[in-house]
Structures are given as C-alpha cells and as structure tokens.
Amino acid sequence: MISAQVWADARILWDYHRMHHDLRPCSVAVGLGSHDLGVADVAAELYHQGMAPVIVFTGSTSPTTRARMPRGEAVHYRERALQLGVPDSAVLLEPRATSTGENIEFTKAVLADAGVKVSSVLLVSKPYEERRSYAMMRKLWPEVEAVCASTSMGLEEYADSIGDARMVIDMIVGALQRVLVFPGLGAAIEQEVPDAVVAAYERLCGEGFTSRLLPADVAARPDV
C-alpha cells in the first residue's frame with residue numbers, strides 16, 4: 001500500500017521534473033529510449049502536428065527493457081510510430097545508446113550522417129525524465145535549443161498506464177538524484193532544486209523508494 005504522504009511527495013517531484021515548456025516546431029524530435037512505449041506515441045503525435053519533420057529514436061536495451069523490448073528500444077519505438085502513421089522516411093534510428101549521454105552524442109552523429117541541419121530539438125521522454133534530459137542536453141549539445149515534451153498524463157494516471165506504481169516512484173526518486181549529482185560530474189547544467197523538492201526526495205528515500213538510486217561508486221560516473 002502506498003500512503004497518501006508518499007503520493008503527495010511523489011507529486012512534488014513529478015511536477016518539478018516536468019519542464020512545462022511551450023511546444024513549438026523544431027528541427028527534429030528525439031525520442032529517448034526507455035521501458036515506456038508511450039514516448040513513441042508522443043513523438044508520433046508531435047510529428048502529425050507538424051512539430052518536427054523527422055524523428056530520431058535512440059536506445060539499445062537495459063535490464064528494465066530487455067524483456068519488454070528485446071529488439072531494442074529504438075526499434076520498438078520505430079515500429080510503434082509506423083503503426084501510428086509516421087512514414088518510414090521520417091524516422092531515423094540510433095540503436096546503440098545505453099545511457100542518456102550516449103542518446104545525445106550518438107543522435108548528433110546520426111543526424112550529421114543524414115545531413116539534417118539542427119538548430120532545435122524536441123526532446124521527447126518520460127515525464128519524470130524531462131528535467132534531467134534537458135540539463136544533459138544543455139551541457140552536451142549547447143548550440144541547439146531544447147524543448148521538452150512528454151505525455152500530458154498526471155502521476156496517478158501515468159502509474160496506472162505503466163502498471164507498477166512503486167517502480168514509477170522509484171524512478172522519479174532516481175531521476176531527482178541524477179539532477180542533484182550530475183552537474184558536479186560535468187554531465188549536466190546546474191539547476192535550482194527547491195527545498196520542498198529536496199525534502200520530498202529525502203522522505204521518499206526514507207520510505208524505501210531507493211531501487212533506482214545510484215550507489216556511491218556509480219554516482220561518480222555520468223554514464224547511467
């Protein structure tokens with residue numbers, strides 16, 4: 001049973017993670033690989049709205065996605081987008097990345113090889129990965145403008161769609177840890193983290209929502 005206080009704290013982090021950007025047309029949409037096939041749904045919707053003329057799906061597999069997406073995150077995302085009416089000619093694949101840093105670096109190479117000129121990127125991710133992805137994008141690809149996008153679902157609806165509320169809250173907590181530590185590792189820009197967000201994060205850690213936290217030795221590496 002997840003308590004009312006845990007849900008309240010998770011909502012504080014959830015709202016902080018979302019960048020609340022106003023969407024606008026960009027040079028390309030980049031769908032960051034994950035266990036959540038809904039990222040591909042959002043990318044396809046943005047394509048049909050004319051927000052980007054091309055989509056890059058990026059991602060290999062991870063322990064979280066290996067069983068669910070055995071052919072690789074980017075491949076499954078592409079298949080989903082094609083089912084939703086995105087033409088094959090509008091989709092590029094980056095199937096090797098195993099971290100957000102690699103998502104960004106390898107996507108840059110794919111777009112350069114394809115001759116796509118990029119001044120702005122619609123960065124499509126899970127809702128609770130918006131802020132971390134944005135911070136890493138600004139550090140690793142600072143010459144382009146990053147506009148974050150994700151599903152419009154609220155926390156409870158999103159958790160229901162994934163089917164594992166505890167895992168979602170664990171991931172929300174893990175994403176906040178990375179927002180806190182990655183700037184010191186040179187992997188992301190510094191961002192203000194309000195005291196109320198830090199307090200909610202600490203309470204959730206105290207309640208045991210720690211399975212996605214980086215161990216101390218791994219937290220010294222920005223490749224997760």
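Numbers here simply count residues along the sequence, with the first being 1.
Judged by distance alone, with hydrogens and angles left aside, the side-chain atoms of T210 form no donor-acceptor pair with the main-chain N or O of L213 at under 3.5 Å. Panel note: side chain T107, backbone N103; a donor-acceptor pair is recorded below 3.5 Å. Judged by distance alone, with hydrogens and angles left aside, the side-chain atoms of Q177 form a donor-acceptor pair with the main-chain N or O of L214 at under 3.5 Å. Side-chain N or O atoms of Y77 include none that pairs as donor or acceptor with a backbone N or O of L93 at under 3.5 Å. At distances below 3.5 Å, at least one donor-acceptor pair connects side-chain atoms of H76 with backbone N or O atoms of R71. A donor-acceptor contact shorter than 3.5 Å is absent between the side chain of R138 and the backbone of A146. Not one N or O on the side chain of H21 forms a donor-acceptor pair closer than 3.5 Å with the backbone of V147. With hydrogens and angles disregarded, no donor-acceptor distance shorter than 3.5 Å links the side chain of R18 to the backbone of W14. Checking side-chain atoms of H20 against main-chain N and O of D15 turns up a donor-acceptor pair under 3.5 Å. The backbone N or O of P194 sits nowhere less than 3.5 Å from a side-chain atom of E192 that would complete a donor-acceptor pair.
Two residues are said to be in side-chain contact when any heavy atoms from C-beta on lie closer than 4.5 Å; D41 and T151 fail this criterion. By the 4.5 Å heavy-atom criterion applied to side chains, L185 and F182 are counted as neighbours. Using a 4.5 Å heavy-atom threshold, the side chains of R132 and S125 count as separate. At a threshold of 4.5 Å between non-hydrogen side-chain atoms, the residues E45 and M51 do not count as touching. M137 places a side-chain heavy atom less than 4.5 Å from the side chain of V144. Residues I172 and L155 form a side-chain contact, since some pair of their non-hydrogen atoms from C-beta on lies under 4.5 Å apart. By the 4.5 Å heavy-atom criterion applied to side chains, E130 and H17 are not counted as neighbours. Within the 4.5 Å cutoff, no side-chain heavy atoms of E79 are placed close to those of F57.
Atom-to-atom distance recorded for C205:SG and D170:CG is 9.5 Å, nearest 0.5 angstrom. Atom CG in L13 sits 6.0 Å away from atom CG in L204 (nearest 0.5 Å). Annotation: the span from R68 atom CZ to S62 atom OG amounts to 10.0 Å, rounded to 0.5 Å. Here E207 contributes atom CD and I169 contributes atom CD1; the two are 10.5 Å apart, rounded to the nearest 0.5 Å. Here the CZ-CZ distance, from F106 to R96, works out to 4.0 Å after rounding to the nearest 0.5 Å.
The two atoms that bring D36 and G38 nearest to each other are OD1-N, 2.8 Å, heavy atoms only. Heavy atoms only, all atoms of each residue included: P183 and R178 are closest at CD-O, 4.1 Å. Scanning all heavy atoms of the two residues, the minimum distance from S133 to L32 falls at OG-CD1, 3.3 Å. Closest approach of T58 and A97 over heavy atoms only: OG1-CB, 3.7 Å. When all heavy atoms of A90 and P53 are compared, the closest pair comes out as CB-O, 3.8 Å. Nearest heavy-atom pair, S150 versus P127, reported as atom, atom and distance to 0.1 Å: OG-CA, 3.5 Å.
For the residue pair S60 and T98, no side-chain donor N or O sits within less than 3.5 Å of a side-chain acceptor on the partner. Neither side chain, W7 nor Q5, offers a donor N or O lying under 3.5 Å from an acceptor on the other.
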- Task: Assess whether side chain to side chain contact (heavy atoms under 4.5 Å, CB included) is satisfied between Y47 and L84, documenting all intermediate values.
- Result: CA-CA 10 Å; Y47 173 83; L84 295 172; over 6 Å; no

- For V118 and K108, what are the C-alpha separation, side-chain angles and deciding distance, and is it a side chain to side chain contact (heavy atoms under 4.5 Å, CB included)? CA-CA 9 Å; V118 181; K108 289 169 64 175; over 6 Å; no

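Side-chain heavy atoms closer than 4.5 Å link hydrophobic residues (I, L, V, M, F, W, Y) into clusters, and following such links, even through other members, never connects V56 to L122. Put simply, V173 and M171 are part of the same group of oily side chains (I, L, V, M, F, W, Y) that touch within less than 4.5 Å, one to the next. A chain of hydrophobic side-chain contacts below 4.5 Å, direct or via other Ile, Leu, Val, Met, Phe, Trp or Tyr residues, connects V181 to M136. A continuous path of Ile, Leu, Val, Met, Phe, Trp and Tyr side chains, each step under 4.5 Å between heavy atoms, connects I104 with V116, placing both in one hydrophobic cluster. A single hydrophobic cluster is seen to contain both F209 and I12, as judged by linkage of ILVMFWY side chains at heavy-atom distances under 4.5 Å, directly or through other members.
We find that R203 and D9 are joined by a salt bridge, their nearest charged nitrogen and carboxylate oxygen being less than 4.0 Å apart.
For D88, the CG atom is densely surrounded, since the number of other residues' heavy atoms within 6.0 Å is greater than 12.
With V39 as the fixed residue, the side chain to side chain contact (heavy atoms under 4.5 Å, CB included) test singles out one of E129, E73, K126: K126.
Note: Y128 and Y158 have perpendicular aromatic rings, judged against thresholds of 30 and 60 degrees for the angle between ring planes.
Evaluation of the side chain to side chain contact (heavy atoms under 4.5 Å, CB included) rule for D160 yields no partner, not counting sequence neighbours.
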